[in-house]
Asker: 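Provided herewith is a single structure, encoded as C-alpha cells, for subsequent inquiry.
Per chain, numbering begins at 1; letters A, B, ... match sequence-line order.
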2 protein chains.
Amino acid sequence: MSNASPLLPVLEPEAVAPCCPPLNERPLTADEAERAARMFKALGDPVRLRLFSLVASHEGGEACVCDISDVGVSQPTVSHHLKKLKEAGLLTSERRGTWVYYRVEPSVVAAMGQALISG
Amino acid sequence: MSNASPLLPVLEPEAVAPCCPPLNERPLTADEAERAARMFKALGDPVRLRLFSLVASHEGGEACVCDISDVGVSQPTVSHHLKKLKEAGLLTSERRGTWVYYRVEPSVVAAMGQALISG
DNA sequence: TCCTTGTTTCGACGTATGTCTATATTGACA
DNA sequence: TGTCAATATAGACATACGTCGAAACAAGGA
C-alpha cells in the first residue's frame with residue numbers, strides 16, 4: 001500500500017469500477033477478468049455464499065462472528081471464509097470490544113450485479 | 001428427475017428461481033447456497049469470465065467457438081471451460097454444421113444479477 | 001495478574017481444478 | 001469412402017482450495 005497523502009486524493013481505477021464493465025458490452029481484457037473473477041470466485045463457495053447472505057440479511061447490515069453458527073463447518077473455517085470475502089472486497093470488518101463485526105460493501109456488490117444485469 | 005407428465009406441468013423451484021432469492025433478504029439455506037454458488041463459481045475463473053463476456057458481447061448474442069481466440073489457453077481448455085459454463089446453466093450450445101455456437105442464458109444471468117442488486 | 005471467551009493464524013491433509021498433449025468424434029465435401 | 005477441419009473427450013500432472021485440530025492472539029473481568 002502506497003503512503004497516499006490525504007491532501008492529494010487519487011481516484012484509483014478500482015474505485016471507479018469496483019467490478020468490471022457490463023459483461024455484454026465488450027470482451028473483458030485479461031486484467032479486468034482477473035479482477036472481476038476474484039469477486040465472483042469469492043461467492044462461488046456454498047459456505048461463503050451462506051456467510052455472505054447471513055451478513056447481508058442481518059439486521060443493521062452487519063453481523064458479529066458470534067451471530068454465525070450452523071453453517072456446518074468449524075469456527076476456524078468460518079473465520080477463513082470471512083477473510084476471503086474480505087480480501088475480495090465484498091465484506092469489511094471492524095472489531096468492537098470483544099466481538100468482530102462484518103458488513104457488506106454495497107457498492108462493490110452492486111457493481112457485480114450491474115455487470116450481470118446489463119449482460 | 002421424476003417422469004413429469006406434460007399434462008401436469010409442475011413449476012419446480014429451480015424454474016422459478018434460477019439463482020436464488022436476494023442475498024440480503026434472508027440467510028440462504030444450504031441447498032440454495034449450493035445451487036447458486038455453482039453459478040458464481042462458473043464465473044470465478046478469469047478465463048471462463050473472458051469466454052462468457054466474449055459470447056455475451058458478440059454480435060447476435062452468440063459466438064462460434066471459432067470466433068474465440070487469444071484467451072491464452074489451448075483449444076481443449078477453451079472447450080473444457082465452455083462446458084463448465086454450460087453445466088452451470090449460463091450458456092447453451094448448438095451445433096450448426098461444422099461449427100458449434102454458444103449463447104448466454106439471459107434469465108439465469110439476470111437472476112444472478114438481481115440477487116446481488118437487491119443485496 | 002490470571003483466567004475466560006471470542007477470533008484468527010498455523011500446519012497438515014485430501015480433494016478439486018486448470019492446464020496440457022494425445023486421441024476421438026462429428027460433419028462437410030471430394 | 002477417405003480426408004480434412006472443427007470441436008470434444010481422456011488421461012496425466014501440478015497447484016489451489018476447503019477443511020480440520022491445535023495453538024496463538026485480543027480483550028474484558030475477577
Asker: Calculate the interatomic distance between B/Trp99 atom CH2 and C/dT25 atom P; express it in whole Å.
Answerer: 22 Å

Asker: So does B/Gln75 reach the base of D/dA6 with its side chain, donor to acceptor, closer than 3.5 Å?
Answerer: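 Checked by distance alone, the answer is no.
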
Asker: For B/Tyr102, answer base if it contacts any base atom (sugar-phosphate contacts may also be present), sugar-phosphate if it contacts only those atoms, and nothing otherwise; contact means non-hydrogen atoms under 4.0 Å.
Answerer: sugar-phosphate

Asker: Between C1' on C/dT19 and CG on B/Leu51, what's the gap in Å once rounded to a whole number?
Answerer: 14 Å

Asker: Verify salt bridge (Lys or Arg N to Asp or Glu O under 4.0 Å) between B/Glu62 and B/Arg96, making sure each step is shown before the conclusion.
Answerer: CA-CA 12 Å; B/Glu62 68 176 12; B/Arg96 291 209 286 278; 2.5 Å; yes

Asker: Taking CD from A/Glu87 and C1' from D/dA16, how many angstroms apart are they, rounded to a whole number?
Answerer: 14 Å

Asker: Could you check if a side-chain atom of B/Arg38 sits within less than 4.5 angstrom of a side-chain atom of B/Lys84, using non-hydrogen atoms only?
Answerer: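 Counting from C-beta outward, B/Arg38 and B/Lys84 never come under 4.5 Å.
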
Asker: How many whole angstroms separate atom OH of A/Tyr101 from atom C1' of D/dA27?
Answerer: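 It is 13 Å, rounded to the nearest whole Å.
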
Asker: Specify the separation, in whole Å, of atom CZ of B/Arg96 and atom C1' of D/dT7.
Answerer: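 To the nearest whole Å, that distance equals 15 Å.
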
Asker: The side chain of B/Thr77 is closest to which nucleotide in this list: D/dA27, D/dG18, C/dC20?
Answerer: C/dC20

Asker: Is A/Lys41 close enough to C/dT17 that one of its side-chain N or O atoms is under 4.0 Å from OP1 or OP2 there?
Answerer: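 For A/Lys41, the contact criterion (side-chain N or O under 4.0 Å from OP1 or OP2 of C/dT17) is not met.
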
Asker: Figure out the CD/P separation between A/Glu34 and C/dG18, and round it to whole Å.
Answerer: 13 Å

Asker: Linking I/L/V/M/F/W/Y whenever their side-chain heavy atoms sit closer than 4.5 Å, directly or via other members, would B/Val78 and B/Val47 fall into one cluster?
Answerer: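 They do share one cluster, since a chain of ILVMFWY contacts under 4.5 Å joins B/Val78 to B/Val47.
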
Asker: Which whole-number value in Å describes the distance from A/Leu82 CG to C/dG6 C1'?
Answerer: 13 Å

Asker: Within the pair B/Lys83 and D/dT9, is there a side-chain N or O less than 4.0 Å away from OP1 or OP2?
Answerer: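 Yes.
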
Asker: Does a side-chain N or O of A/His81 approach OP1 or OP2 of D/dT19 to a distance below 4.0 Å, or not?
Answerer: yes

Asker: Is A/Tyr101 linked to A/Val104 within one hydrophobic cluster, defined over Ile, Leu, Val, Met, Phe, Trp and Tyr using a side-chain heavy-atom separation of less than 4.5 Å?
Answerer: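 Per the 4.5 Å side-chain linkage, A/Tyr101 and A/Val104 are not co-clustered.
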
Asker: When you get a sec, tell me which of D/dC20, D/dG18, D/dA26 is the closest nucleotide to the side chain of A/Arg95?
Answerer: D/dA26

Asker: Take B/Ser93 and A/Lys84, find for each the nucleotide of DNA chain D with the closest heavy atom, and name the residue whose nucleotide sits nearer the 5' end.
Answerer: B/Ser93

Asker: With a cut-off of less than 4.0 Å, is there a side-chain N or O of A/Arg48 near OP1 or OP2 of D/dG18?
Answerer: yes

Asker: Whole angstrom is fine here: how far is it from CG in B/Leu43 over to C1' in C/dG18?
Answerer: 16 Å

Asker: Counting side-chain heavy atoms from C-beta on, which of D/dT9, C/dC20, C/dT19 comes nearest to B/Asp45?
Answerer: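 My answer, after comparing the listed nucleotides, is C/dT19.
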
Asker: Has A/Thr98 got a side-chain N or O lying under 4.0 Å from the OP1 or OP2 atom of D/dA27?
Answerer: no

Asker: Do A/Arg103 and A/Leu91 come close enough that some side-chain heavy atom pair is under 4.5 Å?
Answerer: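 No, their side chains stay 4.5 Å or more apart.
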
Asker: Name the nucleic acid region contacted by B/Val47, choosing base, sugar-phosphate or nothing; use a 4.0 angstrom heavy-atom cut-off, strictly under.
Answerer: sugar-phosphate

